Amino acid sequence: MTDVDSMAGPRPDAASRLRSAGKHALLIAASLVMIYPLVWMLVSSLRPTEVIFRTPGLWLNELYLDNYIEGWTALARPFDWYIVNSGIVVAGAVIGNLLSCSLAAYAFARLKFRLRTLWFAIMLMTIMLPFHVVIVPQYIVFNTFGMVNTFLPLVLPKFLATDAFFVFLMVQFIRGIPRELDEAARIDGCGHFRIFFRIIIPLMVPALATAAIFTFIWTWSDFFTSLIYLTAPDMYTVPLALRSFLDATSGSNWGAMFAMSIVSLVPLFLVFLFGQKYLLQGIATTGGK
């Protein structure tokens, strides 16, 4: 390399590598900042309660596993009881959303009926409607039918296609599926239900998986709705059980709460780990293959 070349600065490929390294370093730094609270909670779950707030760092002098043993049995029921309660609610919510939202999406995407555009616009507008606006009339309805302190208020709305976001997601997905498939099935004598279950549903797996993953995460972590409708300790879901470790009038068992918080995060990590491929496909794909 001549002196002129050396004075011209780094080569384009070297400059590109430097920019790439800088971007990666910035992303890694931002990731560490975001993951720090989770790592701190994990470390705190391995410390005695009286030591947690004295040492805010991440260094552990010894592993204190009693928080997990104590947290599992500290409440009125073993913690697996509340995990099962949350599992029942999540299973009902996922099934309800997949069934009702996919049927509603098929109607908007494939059927022709009066004022379809208007109803679709109204459905989209409900996305902007705050949940707290409808919680009072919903509570009155469920209380009138004697459903308070049961899992029905947490599950039943999911069977009525109340999550407009998933309906919109599936509508966009179905619109990307060629109509020629519907026409070919109709020539073979298929009606709308057979077309839906034999043609549309198999092609909607990424969109259905996306809805299932989001429903699982939102329902598993839902504290407010469970707090409104569930009053008996035996009916508590995981978020309410975690709240029971804190007491405003006496000492709070922070170590046990952090330990059970880590346990409650395991299903979320597993669902995201095994479903991220379908999650990306459901958001990015247009539906046609």
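Nothing fancy with the numbering, it's 1 onward along the sequence. Bear in mind that the values here come from a model prediction, so they are computed numbers and not experimental data.
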Counting only N and O atoms by type, is there a donor-acceptor contact under 3.5 Å from the side chain of [X] to the main-chain atoms of [Y]?
X    : Y    : result
R19  : G22  : no
S264 : S261 : yes
N85  : D234 : yes
T237 : S86  : no
Y229 : M147 : no
R110 : I174 : yes
S102 : L99  : yes
T219 : V90  : no

Hey, any chance [X] and [Y] share a hydrophobic cluster, counting ILVMFWY side chains that come within less than 4.5 Å of each other, even indirectly?
X    : Y    : answer
L42  : F269 : yes
F53  : L246 : yes
I201 : I213 : yes
L154 : V136 : yes
L18  : L26  : no

For the [atom1] atom on [X], are there more than 12 heavy atoms of other groups (residues, nucleotides or ligands in this structure) within a distance under 6.0 Å?
X    : atom1 : value
F272 : CZ    : no
F193 : CZ    : no
R198 : CZ    : no
I35  : CD1   : no

For [X] and [Y], which heavy atoms make the closest approach, and how far apart are they?
X    : Y    : answer
F216 : V94  : N-CG2, 4.2 Å
L230 : T150 : CD2-O, 3.4 Å
A259 : Y68  : O-CE2, 3.5 Å
G87  : W220 : N-CZ3, 4.0 Å
R243 : F223 : CB-CE1, 3.9 Å
P137 : V133 : CD-O, 3.8 Å

I want to check something: taking the side chain as every heavy atom from C-beta on, are [X] and [Y] in contact at a cut-off of under 4.5 Å?
X    : Y    : result
L75  : Y82  : yes
W254 : N67  : no
F120 : V171 : yes
L265 : M41  : yes
I83  : P267 : no
R17  : S20  : no
L152 : F142 : no
W72  : V263 : yes

TODO: Look at the aromatic rings of F224 and F131 and report parallel, tilted or perpendicular, splitting at 30° and 60°.
DONE: perpendicular
Nearest 0.5 Å, please: how far is [atom2] in [Y] from [atom1] in [X]?
X    : Y    : atom1 : atom2 : value
W119 : F113 : CH2   : CZ    : 9.5 Å
M170 : N97  : CE    : CG    : 7.0 Å
L111 : L103 : CG    : CG    : 10.0 Å
I199 : L181 : CD1   : CG    : 6.0 Å
I217 : D222 : CD1   : CG    : 13.5 Å
L242 : M260 : CG    : CE    : 8.5 Å

- [ ] Mind running side-chain contact (heavy atoms from CB on, under 4.5 Å) on D163 and W218 for me, showing each step along the way?
- [x] CA-CA 11 Å; D163 287 326; W218 294 345; 5.7 Å; no
What residues, two or more places apart in sequence or in another chain, satisfy side chain to side chain contact (heavy atoms under 4.5 Å, CB included) together with [X]?
X    : result
A232 : N149, M235
L60  : V43, L46, R47, L63
Y36  : W40, L58

Open item on the list: Applying side-chain hydrogen bond (donor to acceptor under 3.5 Å, both in side chains) to Y236 and S226, what does each step give before you reach the verdict?
Closed with: CA-CA 7 Å; Y236 280 2; S226 300; over 6 Å; no
Open item on the list: For a side-chain contact (heavy atoms from CB on, under 4.5 Å) check, start with the C-alpha distance between L160 and S100, then their side-chain angles and the critical distance, and finish with the verdict.
Closed with: CA-CA 6 Å; L160 303 176; S100 63; over 6 Å; no
Open item on the list: Applying side-chain contact (heavy atoms from CB on, under 4.5 Å) to D182 and I200, what does each step give before you reach the verdict?
Closed with: CA-CA 9 Å; D182 300 23; I200 302 299; 4.0 Å; yes
- [ ] Step by step, work out the side-chain contact (heavy atoms from CB on, under 4.5 Å) result for H192 and R186.
- [x] CA-CA 8 Å; H192 285 296; R186 194 170 291 110; 4.0 Å; yes
